[in-house]
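Here's a structure for you.
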Amino acid sequence: MRIVLWCAGLAASPSCVLQKFLGAMFLLSVLIMGVSTFAVQSEEHSVAAGSCRFHGRHPKTRFKVEGEPLVLTCPQVLHWESTSAHVNVTWRRNDSAVAVPGEEESRVWVRDGALWIVPASQADSGTYICTVRNASYCDKMSVELRVFEKTDASVPLIFYPQIIPLSASGLLVCPDLSEFIGNRTDVEIQWYKDSVPLDQDNQKFLNVRGTRLLVNNVSMEDAGYYTCAMTYAHKGRQYNITRNIKLRVKKRDEETIPVIISPHQTISASLGSRLTIPCKVFLGAGIHTTTLLWWTANNTFIEDAYHGGRVTEGERQAYSENNENYIEVPLIFDPVRREDLHTDFKCVVRNTMSSQTLRTTVKEAATFSWEIMLAPLSLIVLVLGGIWMHRRYKRRTGKAYGLMELKTGHPDSQSYPSKIKEIK
Amino acid sequence: MDIYIHGYLICLLLFLFRSETACHPLGKRRCEMQAFRIWDVNQKIFYLRNNQLVAGYLQGPNTKLEEKIDVVPIEPHTMFLGIHGGKLCLACVKSGDEIKLKLEAVNITDLNQNREQDKRFAFIRFDNGPTTSFESAACPGWFLCTSLEADQPVGLTNMPTEALKVTKFYFQQD
């Protein structure tokens with residue numbers, strides 16, 4: 001078993017993989033024969049047998065440009081370094097059983113646990129599996145790589161979005177270069193905005209040769225496409241490494257002083273009825289998230305004052321009208337009782353800028369009753385009834401007259417139209 | 001009569017446009033949750049890798065991995081922080097001598113500021129110009145941080161001025 005583990009630790013050559021496989025088979029048969037004896041150490045055996053825990057695909061797909069050097073770092077390695085002294089990292093393409101060699105002789109090699117491809121070609125696109133193991137543990141993760149020819153169509157795939165809020169200054173960062181830079185201090189970066197190189201004597205941009213570009217007095221005009229580039233030498237050849245950044249300048253979220261614009265100081269309501277008093281707060285361009293809004297009754301929170309839930313706070317609404325932000329929390333009485341007329345209700349708003357309180361009292365409105373409602377209704381019914389009766393009476397007399405005329409049988413040309421009308 | 005009509009209209013509006021209940025100083029009720037974008041001053045974005053929150057640079061289609069921070073304010077400067085629609089919450093957890101940032105599967109709207117065991121989920125925000133820092137309420141002196149190196153776990157540091165850690169974030173309403 002020691003031999004198998006040792007081999008697994010150096011699984012860099014095809015012959016070793018074969019040895020490992022044979023070793024694993026042997027070990028498996030031993031395990032099947034003596035499960036009870038080996039049960040306690042089963043984890044170690046499974047590692048030796050090559051059954052490595054697979055952590056799935058790394059969520060990030062690497063999008064790279066053809067002709068440039070690229071480095072794939074093994075996602076688990078840094079975590080391992082912090083917990084374990086020695087680990088062995090191997091890489092292979094998922095469609096190949098052969099591990100990538102550790103020597104820099106070819107175009108593709110592994111150095112310090114990372115996979116290097118210098119320069120990348122479109123044929124390198126695919127899935128790569130990184131295996132990390134030590135004497136007692138093993139895990140794997142796959143990384144997706146896609147190499148493109150640099151065209152306008154591939155730009156949306158390769159650019160990194162970055163955002164700076166409108167402010168005195170902000171940083172743009174040339175990403176994913178650390179493997180190429182390492183401990184080198186002589187690395188020079190060239191920054192471009194919309195393909196125009198940025199000069200060192202630029203007032204707007206500072207540190208134009210560094211990985212982090214400082215943007216002074218950030219304004220909306222600073223938004224756009226930036227490129228940062230460095231060169232990397234390998235085997236006497238210079239390669240360009242470029243990163244594309246799309247910078248967005250965002251207006252900063254700001255809090256404003258909240259202003260309560262309703263309710264009125266007194267609200268009229270009828271006892272026994274349901275009442276809703278909205279407390280509406282104007283925030284202007286300010287954000288609402290960090291603004292708290294609540295009601296109190298005699299300086300007590302509503303929930304504490306009305307355990308029965310007769311008076312409650314409604315749901316909070318946040319909305320915009322004409323680009324101005326508002327928040328609203330209603331106070332709901334179900335129903336209004338006499339005691340509410342003597343209660344001191346307050347709407348309170350607070351955020352990091354300020355706080356405000358607005359007092360409201362409930363006043364009894366002129367008593368609303370069904371009798372009052374019924375009086376005009378009965379009057380309307382009476383009037384309508386009267387009209388109907390009147391018309392009905394008229395229709396009856398009209399019919400009688402018409403019949404009478406027909407009976408008498410005197411043709412009278414002048415009265416004829418009027419008769420027809422009446423018969424109708 | 002006016003109040004009646006107004007009241008019914010509001011009830012109707014409330015019914016039509018229901019949302020989470022307001023956050024309340026009492027903290028007894030479910031609070032309104034709001035998504036914020038967070039990224040550090042070095043432009044690293046949060047994303048999940050093997051159920052761990054990490055900060056790194058996201059390219060093109062990878063930007064859909066970005067984790068936004070779900071916020072439930074408790075006080076104007078204190079808040080619960082979560083991700084994944086408030087289903088995973090950021091907590092400061094002490095185990096032995098170690099202080100760690102942990103993602104816990106609790107619903108952010110179920111957290112209660114008055115419950116001692118929920119205090120580990122609370123963070124105090126400090127604004128300095130356009131940037132914001134977050135100090136754990138349960139672990140005073142410990143701030144949310146990222147490493148200078150990309151794709152490393154988001155954690156907590158008690159040395160916010162240390163050059164290898166980034167504690168300044170841009171934190172903007174989504």
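Chain A is the first sequence line, chain B the second, and so forth, proteins listed ahead of strands; every chain is numbered from 1.
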- Query: Nearest heavy-atom pair of Lys251(A) and Gln172(B): which atoms, and what distance?
  - Reply: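 In terms of heavy atoms, the two residues are closest at O-OE1, 3.4 Å.
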- Atom of Ile74(B), atom of Leu292(A) and distance for their closest heavy-atom approach: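 Scanning both residues, the minimum pair turns out to be O-CD1, 3.6 Å.
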- Which atoms of Met141(A) come close to chain B, meaning under 4.5 Å heavy atom to heavy atom: side chain ones, backbone ones, both, or neither?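 Met141(A) touches chain B through side-chain heavy atoms alone.
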- Message: Within this structure, what is the CZ-CD distance for the pair Arg146(A) and Gln59(B), rounded to the nearest 0.5 Å?
- Response: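 Output value for this atom pair is 11.0 Å.
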- N/O donor-acceptor pair under 3.5 Å between Gln43(B) side chain and Gln162(A) backbone: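 Checked: no pair found.
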- Query: Is it the side chain or the backbone of Lys246(A) that comes within 4.5 Å of chain B heavy atoms, both, or neither?
  - Reply: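 When you check distances to chain B, no heavy atom of Lys246(A) falls under 4.5 Å.
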- Check whether Pro175(A) gets within reach of chain B through its side chain, its backbone, both or neither, counting any heavy atom under 4.5 Å.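 Both parts, backbone and side chain.
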- Message: Between Val41(B), Thr63(B), Leu58(B), who has the most heavy-atom pairs with chain A when the cutoff is under 4.5 Å?
- Response: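 Max contact count across the listed options: Leu58(B).
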- Query: Can you find a pair of side-chain heavy atoms, one from Ile287(A) and one from Gln34(B), that are under 4.5 Å apart?
  - Reply: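 No, too far: nothing below the 4.5 Å cut-off.
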- Top of Ile327(A), Asn351(A), Ile164(A), Ile163(A) for chain B proximity - count of heavy-atom pairs under 4.5 angstrom: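 Among the listed options, the one with the most contacts to chain B is Ile163(A).
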- Query: Of the backbone (N, CA, C, O) and the side chain (C-beta and beyond), which part of Leu65(B) lies under 4.5 Å from a heavy atom of chain A, both, or neither?
  - Reply: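 For Leu65(B), side-chain heavy atoms alone lie under 4.5 Å from chain A.
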- What heavy-atom pair brings Asn62(B) and Pro59(A) nearest, and what distance separates the two atoms?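 Looks like OD1-O, 4.1 Å.
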- Taking all atoms of both residues into account, what is the closest heavy-atom pair of Pro161(A) and Ile45(B), and its distance?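 Pro161(A) and Ile45(B) have their closest heavy atoms at O-CD1, 4.3 Å.
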- Query: Hey, is CZ on Arg57(A) packed in by over 12 heavy atoms from elsewhere, all under 6.0 Å?
  - Reply: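 Correct, the count exceeds 12.
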- Message: If we define contacts as heavy-atom pairs under 4.5 Å, which of Arg252(A), Glu254(A), Arg62(A), His55(A) has the most with chain B?
- Response: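 Of Arg252(A), Glu254(A), Arg62(A), His55(A), Arg252(A) has the most heavy-atom pairs under 4.5 Å with chain B.
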- Item | Heavy-atom pair of closest approach, residues Pro61(B) and Leu157(A) |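 Taking Pro61(B) first and Leu157(A) second, the nearest heavy atoms are CG-CD2, 3.4 Å.
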- Assess whether atom CD1 of Ile257(A) is packed by more than 12 heavy atoms of other residues, nucleotides or ligands within 6.0 Å.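 At most 12 heavy atoms, drawn from other residues, nucleotides or ligands, come within 6.0 Å of this atom.
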- Message: For a quick test of reading the model, state the closest non-hydrogen atom pair linking Asn42(B) to Arg212(A) and the distance between them.
- Response: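 Scanning both residues, the minimum pair turns out to be OD1-NH1, 2.6 Å.
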- Item | Contact class of Phe159(A) relative to chain B, heavy atoms under 4.5 angstrom |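 Backbone only.
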- Check for a donor-acceptor pair, side chain of Lys60(A) on one end and backbone N or O of Tyr57(B) on the other, with a separation under 3.5 Å.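 Yes; at least one donor-acceptor contact below 3.5 Å.
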- Message: Heavy-atom cut-off 4.5 Å, strictly under: side chain, backbone, both or neither for Thr61(A) against chain B?
- Response: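 Contact with chain B is through both the backbone and side chain of Thr61(A).
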